[in-house]
Amino acid sequence: MIIPIRCFSCGRVIASDYVKFKAQIDGIRTKEGRDPTPEEISKTLDDLNVTRYCCRRMILSNAELLQEIMPFD
Amino acid sequence: MTQNIKIIEEGSTHITFEISDVTPAYANMLRRTLINDIPKLAISKVNFHHGEIRQGEDKVYSSSTSLFDEVIASRLGMIPLPTDLSMNERESCSCGGQGCPLCTVNYSIFAVGPKVVTSGDLVPLGDAKFAPVDKDIPIVELNERQAIMLDAEAYMGRAKDHARFQVAIGVAYRYHRELTVSKREPDIEEIVEKAPKNVISQDDNEITFTTDYPSKYIAKLYRMDSLKIKEDDTRFIFHFETDGSLTAREVLTYALDRIKNRLSFLREQVPGE
């Protein structure tokens, strides 16, 4: 659906970090025409201070489905 | 009990500190107070406008969005709002829980699609200092036929009541630990050079490190044969973050005062003192 605002386990606000994370990763995709490497993904999360694995899985495992159902509203 | 606090590292939303001359029970009490007993402002009541939303002459928008109203209300509650600790809590406010400027802050959102509604669109009615700290949190996405109009009430609460009042995040502590190794170990000079802050003392034969400061080189010590580990259960290294509604130092100061007040309240209640 849409990115949850807080991490389910610890309560850290991750929604705004997700927006920045996505901009960074999409930047690599459009600029260099390839998928980001695991190292780049890991470094992007570290730079956003998303250090605990509970918060990292919130960002990594999110599926954006809201845009897909929006035309049917 | 007189505890000593030494701040190891501090930022506006995170803090690492050492608390000494306390018992393990006190350390756990501090942890639990930080987790669930810090008051914080959060949106708790939301009124949605239902039906058509008109703007200008011929633009008509629908107020139903891709997310249920309940979901939007929950998301609004989770947004960290700047908190003034001198604000009253609702139950103990002079208005008797009705809602007044001493205990309540009102917010509103008006946005028309196509747009991603973010926490920046959440406007406080009245004092602008209550605008959300983080302006980039997405709340809901609107297509070109949708609009959202709502007003919301925020009041103080504690994390034991609901997750939206969670201020301190990732609260954890560990014992102060001293690692003593022989100076004849092969890699020892590199570790001293790379992690100079962690060296507590050294003599001709042995050298003692602490794990208080994070360093990846300290991990090498655990593989050494001459290693002796000493832990001290009166000294604790704490670390926590906040969600931005309060600074880390405000949270810590409040928690320590809170513990003091609750313990003295307990002492007053015990008969025969």
Side-chain angles (χ1 to χ4, degrees), chain A residues 1-31 35-73, chain B residues 11 13-14 34-36 40 42-43 61-68 71-72 74-81 113-120 132-146 159 162-172 214 239-245:
Chain A
M1 211 36 110
I2 190 167
I3 180 80
I5 292 188
R6 284 170 185 255
C7 169
F8 292 152
S9 303
C10 70
R12 185 186 194 281
V13 177
I14 42 108
S16 50
D17 289 333
Y18 175 75
V19 177
K20 291 171 198 141
F21 172 80
K22 202 158 169 275
Q24 191 89 19
I25 296 302
D26 287 349
I28 294 173
R29 287 212 175 99
T30 52
K31 236 179 263 163
D35 277 344
T37 61
E39 289 74 27
E40 282 169 339
I41 294 174
S42 164
K43 185 164 185 305
T44 311
L45 288 170
D46 287 341
D47 292 345
L48 291 167
N49 287 326
V50 184
T51 45
R52 283 181 296 280
Y53 62 69
C54 61
C55 309
R56 288 169 95 100
R57 62 98 206 254
M58 297 300 293
I59 290 177
L60 291 175
S61 61
N62 180 55
E64 289 265 317
L65 297 176
L66 203 64
Q67 278 163 340
E68 292 181 29
I69 60 163
M70 257 177 25
F72 305 104
D73 280 344
Chain B
T13 59
H14 68 95
L34 285 167
I35 290 173
N36 65 24
K40 168 194 184 307
I43 290 179
Y61 295 94
S62 157
S63 64
S64 71
T65 60
S66 331
L67 294 180
F68 291 122
V71 177
I72 297 174
S74 161
R75 292 178 69 82
L76 287 170
M78 294 294 180
I79 295 169
L81 304 171
K115 184 183 199 308
V116 179
V117 184
T118 61
S119 52
V133 223
D134 193 337
K135 309 256 186 251
D136 305 322
I137 302 169
I139 298 167
V140 68
E141 221 168 315
L142 303 173
N143 68 20
E144 63 289 339
R145 301 181 301 279
Q146 296 170 336
H162 194 275
R164 65 176 182 274
F165 298 118
Q166 190 80 55
V167 187
I169 291 153
V171 188
H239 175 81
F240 69 88
E241 291 169 35
T242 76
D243 64 355
S245 50

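In what follows, chains carry the letters A, B, and so on, assigned in the order in which the sequence lines appear, proteins first and then strands, with residues in each chain numbered from 1.
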*Kindly give the heavy-atom pair with the smallest separation between B:Arg164 and A:Arg6, and that separation in Å.*
O-NH2, 4.1 Å
_Under 4.5 Å from a heavy atom of chain A, the part of B:Thr65 involved_ = backbone
*Would you mind checking which part of B:Ile139 comes under 4.5 Å of any heavy atom in chain A, side chain (CB onward), backbone (N, CA, C, O), both or neither?*
backbone
*Side chain from CB out, backbone as N, CA, C, O: work out which of these in B:Glu241 comes under 4.5 Å of a heavy atom of chain A, or both, or neither.*
side chain
*With only heavy atoms counted, which part of B:Asn143 is less than 4.5 Å from chain A, the side chain, the backbone, both or neither?*
both
*What part of B:Ser66 is in contact with chain A, defined as an atom under 4.5 angstrom from a non-hydrogen atom: side chain, backbone, both or neither?*
both
*Inter-chain contacts: residues 10-23 of chain A against chain B, heavy atoms under 4.5 Å*: A:Cys10, A:Gly11, A:Arg12, A:Val13, A:Ala15, A:Ser16, A:Val19, A:Lys20
*Should A:Ile2 and B:Arg75 count as side-chain neighbours, where that means a heavy-atom distance under 4.5 Å?*
yes
*asked:* So if I take each residue of residues 60-69 of chain A and look for any heavy atom under 4.5 Å from a heavy atom in chain B, which residues do I end up with?
replied: A:Leu66, A:Gln67, A:Ile69
*Applying side-chain contact (heavy atoms from CB on, under 4.5 Å), name anything that partners A:Phe8, two or more places apart in sequence or on another chain.*
A:Pro4, A:Arg57, A:Met58
*Residues in residues 37-51 of chain A that sit under 4.5 Å from chain B, counting heavy atoms only*: none
*asked:* Could you report the tightest heavy-atom contact between B:Arg145 and A:Met70, atom names first, then the distance?
replied: NH2-O, 4.4 Å
*Below 4.5 Å from any heavy atom of chain A, which atoms of B:Gln146 appear? Answer side chain, backbone, both or neither.*
side chain
